[in-house]
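Lettering follows sequence order; numbering is per chain, from 1.
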There are 2 protein chains.
Amino acid sequence: MNQTDIQDFLQGLQSQVNGDALDEVVACCSFIQLTRGAKLIETGKRHPFLYLIVQGSAKSYYLSEGKEVCTWFAFEGEVVSTMSTFAGHPSNETVELLEDAALIRIHVKDFKALSVNRASVARLITEWVVEHAIFLESLLYLQSLPVKMRYEHILEARPEILQRVSLTDLASFLGMSRESLSRIRSAP
Amino acid sequence: MNQTDIQDFLQGLQSQVNGDALDEVVACCSFIQLTRGAKLIETGKRHPFLYLIVQGSAKSYYLSEGKEVCTWFAFEGEVVSTMSTFAGHPSNETVELLEDAALIRIHVKDFKALSVNRASVARLITEWVVEHAIFLESLLYLQSLPVKMRYEHILEARPEILQRVSLTDLASFLGMSRESLSRIRSAP
DNA sequence: CGGTTCCTTTGACTTAAGTCACAAAGTCAT
DNA sequence: ATGACTTTGTGACTTAAGTCAAAGGAACCG
């Protein structure tokens with residue numbers, strides 16, 4: 001994947017950044033390929049990059065009493081980051097690839113620096129963050145439902161998750177035990 | 001509260017915006033006073049304002065099967081908004097004053113318009129949204145704890161809530177029944 | 001091919017938290 | 001104060017979901 005490809009990919013996602021600004025954004029991107037299990041972000045570490053998934057999938061989780069608690073999954077075309085990346089804090093979560101993946105990696109410092117002079121880049125950043133915050137609001141809503149409805153809701157809203165995520169990870173994302181998920185799935 | 005007071009208040013919150021930019025921010029602010037029960041944001045409506053609490057408190061909630069589910073509380077010095085305000089979507093939540101309050105109201109369109117030419121304003125917006133997103137992440141973490149630990153956590157992290165919020169609202173915020181909260185509080 | 005290992009399902013039992021019903025204590029207006 | 005209304009606390013019971021334990025299935029590897 002070369003610079004032109006990256007440009008095309010970015011444009012596919014976002015038409016807001018254009019012309020010279022887009023060239024400058026592309027200049028702080030690089031294309032990388034990693035294998036299943038690779039960690040994009042690790043708990044406790046500061047992370048200067050955000051990622052766009054070209055191909056593959058990732059999960060985010062933290063450990064609670066030794067157990068993984070998944071907070072989200074991400075697929076093609078999605079932005080992968082944690083808010084700590086934007087805020088410059090150490091991350092509370094680990095982000096790990098569920099499949100071999102092709103990614104565009106963006107250096108946040110460079111990206112933020114660009115936003116100082118490029119209003120369109122500043123707007124793009126805000127938009128991504130707002131989108132992420134709305135996503136977090138939807139997760140809170142999901143967790144407020146009784147477990148069976150959580151499963152039904154995700155089945156409805158993001159059926160692709162079922163195809164690509166292990167039931168163990170899905171159960172942890174839905175805030176229930178594997179056994180409960182299994183029973184809900186086999187229920188009439 | 002006049003323009004100078006507003007300026008002082010904003011500067012107390014955020015030193016990032018300075019000089020001319022601050023004057024321009026103040027120009028899209030107005031000071032209002034409202035009584036307990038007033039709704040700043042209503043479910044299903046688009047809302048063009050965000051608020052800073054000078055004095056008083058507010059809660060945000062949505063209705064689920066006729067019951068209020070509180071998502072957060074806000075006090076002096078905090079920014080009150082929902083992400084739908086930034087995104088221009090109808091709100092999923094209602095924000096209501098818990099006490100008579102003094103507020104600075106900011107017109108989001110004007111504010112966003114300012115950010116096009118004022119990088120410091122754009123950064124302020126991003127920072128508020130990032131802060132809100134981190135706050136939402138903390139709420140998700142809270143909800144993942146067993147109920148007793150939720151109470152202990154909030155007691156530790158935000159003891160002022162206990163003084164100013166009814167136990168009914170607090171229970172709903174903590175995702176438990178009033179009875180459970182009452183039992184947890186009276187436990188040894 | 002057989003043997004690990006991991007993932008998922010199922011069954012029996014336990015426990016955390018909810019519901020319902022009622023009592024006690026506060027708040028408020030008259 | 002007095003009565004109406006709201007908020008909080010307690011007890012008895014129910015239910016949802018978790019835990020523990022065991023057993024099929026897939027996938028993986030020599």
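Between D:dG18 and A:S180, a contact under 4.0 Å exists linking OP1 or OP2 to a side-chain N or O. In terms of phosphate contacts, A:T168 brings a side-chain nitrogen or oxygen within less than 4.0 Å of OP1 or OP2 of C:dT8. A:S182 has no side-chain polar atom (N or O) that falls below the 4.0 Å cut-off from OP1 or OP2 of C:dT8.
Atom OH of A:Y62 has more than 12 neighbouring heavy atoms from other residues, nucleotides or ligands inside a 6.0 Å radius. Applying the 6.0 Å contact sphere to CZ of A:R36 captures no more than 12 heavy atoms from other residues, nucleotides or ligands. Counting non-hydrogen atoms of neighbouring residues, nucleotides and ligands closer than 6.0 angstrom, the CZ atom of B:F31 exceeds 12 such neighbours.
Checking A:Y51, A:F86, A:F111 one by one against A:W128, the ring-ring contact (aromatic ring centres under 6.0 Å, His included) holds for a single residue, A:F111.
Between its two ends, the helix from C:dT8-D:dA23 to C:dT30-D:dA1 turns its axis by 50°, counting five pairs per end and rounding to 10 degrees.
Distance CE (A:M149) to P (D:dA17): 11 Å, rounded to an integer number of Å. The CZ atom of A:R150 sits 14 Å away from the P atom of D:dA16 (whole-angstrom rounding). Atom pair B:L167:CG and C:dG26:P shows a separation of 13 Å (rounding to whole Å applied). Atom CG in A:L174 sits about 12 Å away from atom P in D:dA17, given to the nearest Å. C:dT19 atom P lies 14 Å from atom CG of B:L181, rounded to whole Å. Taking atom CG on A:D169 and atom P on C:dC6, their separation rounds to 14 Å, with Å as the unit. In this structure, CZ of B:R36 is placed 12 Å from C1' of C:dC28, rounded to the nearest angstrom. When rounded to the nearest whole Å, the span between CE of A:M176 and C1' of D:dA17 equals 10 Å.
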Audit row: B:F49, B:H107, side-chain contact (heavy atoms from CB on, under 4.5 Å) steps and yes/no: CA-CA 5 Å; B:F49 301 110; B:H107 198 280; 3.3 Å; yes
Test log, rule side-chain contact (heavy atoms from CB on, under 4.5 Å), inputs A:F135 and B:L136: CA-CA 10 Å; A:F135 173 66; B:L136 292 173; over 6 Å; no
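Here the nucleotide nearest the side chain of B:E179, chosen from C:dT19, C:dA17, D:dT19, is C:dT19. Closest contact between the side chain of A:R185 and the listed nucleotides C:dT9, C:dT10, C:dC7 involves C:dT9. Among the nucleotides C:dT8, C:dT19, C:dT10, the one closest to any side-chain atom of A:S186 is C:dT10. Closest to the A:R183 side chain, of the nucleotides C:dG11, D:dG9, C:dT19, is C:dG11.
One cannot find a donor-acceptor pair under 3.5 Å joining the base of C:dG18 and the side-chain atoms of B:R178.
If you check every strand for non-hydrogen atoms under 4.0 Å, B:S177 touches a base.
Every residue was checked against the salt bridge (Lys or Arg N to Asp or Glu O under 4.0 Å) condition with A:R183, not counting sequence neighbours, and none meets it.
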